[in-house]
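First comes the structure, then the notes that go with it.
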Amino acid sequence: MALNITLFDDAGREDLFPLALSRSCADFRWGILTIKEKWGHELGTSVHLKTENYLQPLYGNYSNTLFVNSRLLPNQEVIESIANLQDGDALYTDGDILLALKGNSELRKIKFKGNVVMLNQLWEIFQFNHREIEADFRRVTNGRQSQKISNTNRIIGSNLVFLEEGARAECAIFNTEEGPIYLAKDSEVMEGAMIRGPFALGEHSQIKMGARIYSGSSFGPHCKVGGEVSNSVIFGYSNKGHEGFLGNSVLGEWCNLGADTNNSNLKNNYEQVRLWNYRKKSFVKTGLQFCGLIMGDHSKSGINTMFNTGTLVGFSSNIFGSGFPRNYIPSFTWGGASGMDTYALPKALQTAERVMARRGVQLQEIHKEIFGFILEYDMQ
């Protein structure tokens, strides 16, 4: 359906900090694709973004008059309802969340009675990643044929292993009994890796030798991943290249986990996990028994770092040392359990410039301004 839409960020983005501090909610990877990419696939048109003023230069201008909530996922009911909106119509959930607006002013309020799937909390990214990988797999592979997979690999189950052009895998074990496996363009799975679907690997990303990847995991473009990973999402341009466990977790972009970094995803007393919420400025109940690490963009850990169950690390922090650091680590933190200081902005920018250059990406003036804005925000 040819609709030209602009995805807009609403107040709900605050529940998605720190990951939404440095991107529109539409740029969240959930499954194989970002939310923006899901809409693009469904509509067959380009999608514009409207976000906070300090982030808008990342996305350029928008001129459409059909606005859709950037946390909303597309389905046929939603798309048809949006397509039928008239000028001045505003589509709301029963919970009074604005889903879509036609025009620049609201004249009529319409309640949407269909199925609504929205991203509301950070832990939902890994909690429902199984579902999103399978939905995106259907989107991106429908009517297409996979590249041939080498016969040195072992495939278990009847679900598909789909390889895009240039994807490589040798002497790996792919178990598709619980869901499909997707390898994007020019990605690589090295020898001895064991992967259970549903799983997705982004463009130019790499699974290291002997890695153990459990179902419900997806890694965006330009990632290097090794060791043991379970039900976790890495947005892109981040590395977990060595041994160590990452479970029920989400990493943003430009993160790096030092060798033998581990996170706990289950409390010793098996109680429900709580996670820090920026908007409420307190820990909130997740309703989950398994919840690991949420790490904002440009944050890193040193070798042998240990993260406790339900730890949230902000933007551009550097965590290292023995012992468990606290469960909430603000942005621009330098240190660990033995003490923490502020990570000076010039040093943080210098590191970011070096890290991004290794992937052929230039640190631009807008990136520097975003760093400064987030530093001031977290020090309020």
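- Under the 3.5 Å distance criterion, with hydrogens and angles disregarded, no donor-acceptor pair is assigned to the side chains of S264 and N308.
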*asked:* Walk me through whether Y328 and F283 qualify under ring-ring contact (aromatic ring centres under 6.0 Å, His included).
replied: CA-CA 9 Å; Y328 166 53; F283 288 91; 7.2 Å; no
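- The distance from atom NZ of K224 to atom OG of S205, rounded to the nearest 0.5 Å, is 10.0 Å.
- Heavy atoms only, all atoms of each residue included: N129 and G31 are closest at OD1-N, 2.8 Å.
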*asked:* Between I5 and F67, is the side-chain contact (heavy atoms from CB on, under 4.5 Å) condition met? List the steps.
replied: CA-CA 6 Å; I5 67 169; F67 296 94; over 6 Å; no
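- Neither side chain, S238 nor E253, offers a donor N or O lying under 3.5 Å from an acceptor on the other.
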*Run the numbers on N231 and Y214 for side-chain contact (heavy atoms from CB on, under 4.5 Å), then give the verdict.*
CA-CA 6 Å; N231 189 201; Y214 292 86; over 6 Å; no
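- With hydrogens and angles disregarded, no donor-acceptor distance shorter than 3.5 Å links the side chain of S187 to the backbone of K185.
- Not less than 6.0 angstrom separates the ring centroid of F8 from the ring centroid of Y62.
- No side-chain donor from either of S24 and T51 sits under 3.5 Å from a side-chain acceptor of the other.
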*Show your reasoning for whether side-chain hydrogen bond (donor to acceptor under 3.5 Å, both in side chains) applies to S217 and S232.*
CA-CA 5 Å; S217 294; S232 295; 5.1 Å; no
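- Inspection of the E134 and Y182 side chains reveals no N or O donor paired with an N or O acceptor under 3.5 Å.
- Between F315 and H298, a ring centre-to-centre spacing shorter than 6.0 Å is recorded.
- Annotation: cation-pi pair R326/W276 absent, no NZ/CZ under 6.0 Å from the ring centroid and within 45° of its normal.
- A donor-acceptor pair shorter than 3.5 Å can be found between the side chains of N277 and D15.
- Ring geometry for Y377 versus Y278: interplanar angle under 30°, hence parallel rather than tilted (30 to 60°).
- Neither side chain, S316 nor S331, offers a donor N or O lying under 3.5 Å from an acceptor on the other.
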